[in-house]
Student: 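The following block contains the structure, expressed as structure tokens.
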Amino acid sequence: MTNEEAIALLDVAEYGFLSTVGKDGTPYGIPINFVRDGETLVLHCAMEGRKLDNIRHDARVSFCVVGKTEVLPAQFTTRYESTVVAGRAEWIEDAYRKTELIMKLCRKYAPDHLEAAEKAIAKSLPRTGVLAIAMEAVTGKACRY
């Protein structure tokens, strides 16, 4: 895939897999919703947890999305498309920026409920974490028989 195609897949993918590494070197991957904001991926989460502990230890992460797939049994292959992002995760502290980024997530996942989203964000902001992943490298791969 071209770089443009790989980035375009980020814009339509419903979720991705965030991979981190713990202090003891144990890898950890978790599916999570996200939105792209320019050269940054935005994720929301709880204020505590294994992925955050891992990121505090080592901010380097990998993020992968998978687009359309189709197993082709007679050809012993699969049509697929995927994008992998390597980057560094940053914890967003600023309340205004957190609100702005969570609203981007809401525009992607709940575009018909933005008024309610604003109220929910205001109510839950203190207990909602936001991670921004600076995209340092983006690669895409596809098999489109």
Side-chain angles (χ1 to χ4, degrees), residues 1-71 76-144:
M1 295 173 71
T2 66
N3 189 261
E4 292 78 20
E5 290 172 319
I7 290 172
L9 182 55
L10 290 171
D11 291 336
V12 298
E14 185 176 347
Y15 63 93
F17 295 90
L18 176 67
S19 296
T20 62
V21 65
K23 286 182 185 179
D24 65 355
T26 302
Y28 179 67
I30 186 165
I32 191 164
N33 291 17
F34 74 101
V35 67
R36 185 173 71 89
D37 181 35
E39 297 298 312
T40 302
L41 298 179
V42 177
L43 321 167
H44 78 291
C45 56
M47 299 294 279
E48 297 178 1
R50 185 172 174 182
K51 71 177 166 290
L52 297 180
D53 292 341
N54 290 354
I55 289 168
R56 286 183 190 106
H57 162 70
D58 188 340
R60 295 175 299 167
V61 300
S62 179
F63 192 80
C64 176
V65 299
V66 177
K68 297 175 186 171
T69 64
E70 179 186 6
V71 176
F76 303 102
T77 193
T78 302
R79 285 188 185 123
Y80 65 89
E81 55 187 7
S82 64
T83 297
V84 177
V85 175
R88 293 187 179 273
E90 174 190 3
W91 188 251
I92 303 301
E93 300 278 353
D94 178 74
Y96 177 80
R97 182 73 175 140
K98 277 175 64 172
T99 300
E100 178 181 65
L101 294 175
I102 295 169
M103 279 304 297
K104 279 194 161 288
L105 283 160
C106 292
R107 282 191 286 279
K108 178 178 178 180
Y109 292 102
D112 297 333
H113 305 281
L114 297 180
E115 189 174 314
E118 288 176 358
K119 293 175 185 173
I121 291 167
K123 184 177 176 182
S124 65
L125 192 65
R127 59 183 189 279
T128 302
V130 174
L131 290 170
I133 300 172
M135 300 188 316
E136 296 174 352
V138 179
T139 57
K141 188 173 178 183
C143 176
R144 297 179 175 133

Student: For the residue pair Ala13 and Val65, what are the closest heavy atoms and their distance?
Tutor: CB-CB, 3.7 Å

Student: Does anything in residues 91-102 pair up under salt bridge (charged side-chain N to carboxylate O under 4.0 Å, His left out), and if so which pairs, sequence neighbours excluded?
Tutor: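 Listed by first then second residue: Asp37-Arg97, Arg97-Glu100.
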
Student: Could you measure the distance from the OG atom of Ser62 to the CZ atom of Arg60? Nearest 0.5 Å is fine.
Tutor: 11.5 Å

Student: About how many Å separate CG of Asn54 and OH of Tyr28, when rounded to the nearest 0.5 Å?
Tutor: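 So the gap between those two atoms works out to 8.0 Å.
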
Student: Are Leu10 and Met135 packed together at the side-chain level, in the sense that at least one heavy-atom pair is separated by less than 4.5 angstrom?
Tutor: yes

Student: How many angstroms lie between atom CZ of Phe17 and atom CZ of Phe63, to the nearest 0.5 angstrom?
Tutor: 9.0 Å

Student: So which atom in Lys51 and which in Cys45 form the shortest heavy-atom distance, rounded to 0.1 Å?
Tutor: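 Closest approach of Lys51 to Cys45: CE-CB, 3.6 Å.
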
Student: State, with a plain yes or no, whether a side-chain heavy atom of Val35 is found less than 4.5 Å away from one of Leu41.
Tutor: no

Student: Are Met103 and Glu118 close enough that some pair of their side-chain heavy atoms sits under 4.5 Å apart?
Tutor: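 The answer is yes, as the side chains (C-beta and beyond) meet within the 4.5 Å cut-off.
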
Student: Is any side-chain heavy atom of Thr40 less than 4.5 Å from a side-chain heavy atom of Glu90?
Tutor: no

Student: Can you run down the salt bridge (charged side-chain N to carboxylate O under 4.0 Å, His left out) pairs that involve residues 122-136, sequence neighbours left out, and say none if there aren't any?
Tutor: Arg88-Glu136

Student: Within this structure, what is the OH-CG distance for the pair Tyr96 and Leu101, rounded to the nearest 0.5 Å?
Tutor: 10.0 Å

Student: Please find the pair of heavy atoms, one from Leu9 and one from Gly67, that lie closest to each other, and give the distance.
Tutor: CD1-CA, 3.7 Å

Student: Check whether any side-chain heavy atom of Cys106 sits under 4.5 Å from a side-chain heavy atom of Ile121, and report yes or no.
Tutor: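 A side-chain contact exists here, since the closest heavy-atom pair is under 4.5 Å.
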
Student: Going from OG on Ser124 to NZ on Lys119, what distance comes out if it is rounded to the nearest 0.5 angstrom?
Tutor: 14.0 Å

Student: Say you draw a straight line from OG1 of Thr99 to CG of Leu125; how long is it, rounded to the nearest 0.5 Å?
Tutor: 4.5 Å

Student: Do you know the tightest heavy-atom contact between Cys64 and Val84?
Tutor: SG-CG2, 4.1 Å

Student: Could you walk me through whether Leu43 and Val130 pass the side chain to side chain contact (heavy atoms under 4.5 Å, CB included) test, one step at a time?
Tutor: CA-CA 6 Å; Leu43 321 167; Val130 174; over 6 Å; no

Student: Considering only residues two or more places apart or on different chains, which pairs with a residue in residues 14-36 satisfy salt bridge (charged side-chain N to carboxylate O under 4.0 Å, His left out)?
Tutor: Asp11-Arg36

Student: Taking it one step at a time, do Val42 and Leu131 satisfy side chain to side chain contact (heavy atoms under 4.5 Å, CB included)?
Tutor: CA-CA 6 Å; Val42 177; Leu131 290 170; over 6 Å; no

Student: Does some side-chain heavy atom of Thr78 sit less than 4.5 Å from a side-chain heavy atom of Glu70?
Tutor: no

Student: Ion pair present between Asp53 and Arg56, side-chain N to carboxylate O less than 4.0 angstrom?
Tutor: yes

Student: Checking the side chain of Thr26 only, and the main-chain atoms of Gly22 only, is there a donor and an acceptor separated by less than 3.5 Å?
Tutor: no

Student: Give a yes/no verdict on a cation-pi contact between Lys104 and Tyr109, requiring under 6.0 Å between NZ or CZ and the six-membered ring centre and an angle within 45° of the axis.
Tutor: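 Judged by the rule (NZ or CZ under 6.0 Å from the ring centre, within 45° of its axis), Lys104 is not positioned above Tyr109.
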
Student: Testing the basics here: between Ala142 and Met1, what is the closest heavy-atom pair and its distance to 0.1 Å?
Tutor: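 In terms of heavy atoms, the two residues are closest at CB-CG, 3.5 Å.
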
Student: Would Glu81 and Lys141 satisfy side chain to side chain contact (heavy atoms under 4.5 Å, CB included), going step by step from the backbone distance to the final call?
Tutor: CA-CA 6 Å; Glu81 55 187 7; Lys141 188 173 178 183; over 6 Å; no

Student: State, with a plain yes or no, whether a side-chain heavy atom of Thr20 is found less than 4.5 Å away from one of Leu52.
Tutor: no

Student: Should Thr83 and Thr139 count as side-chain neighbours, where that means a heavy-atom distance under 4.5 Å?
Tutor: no

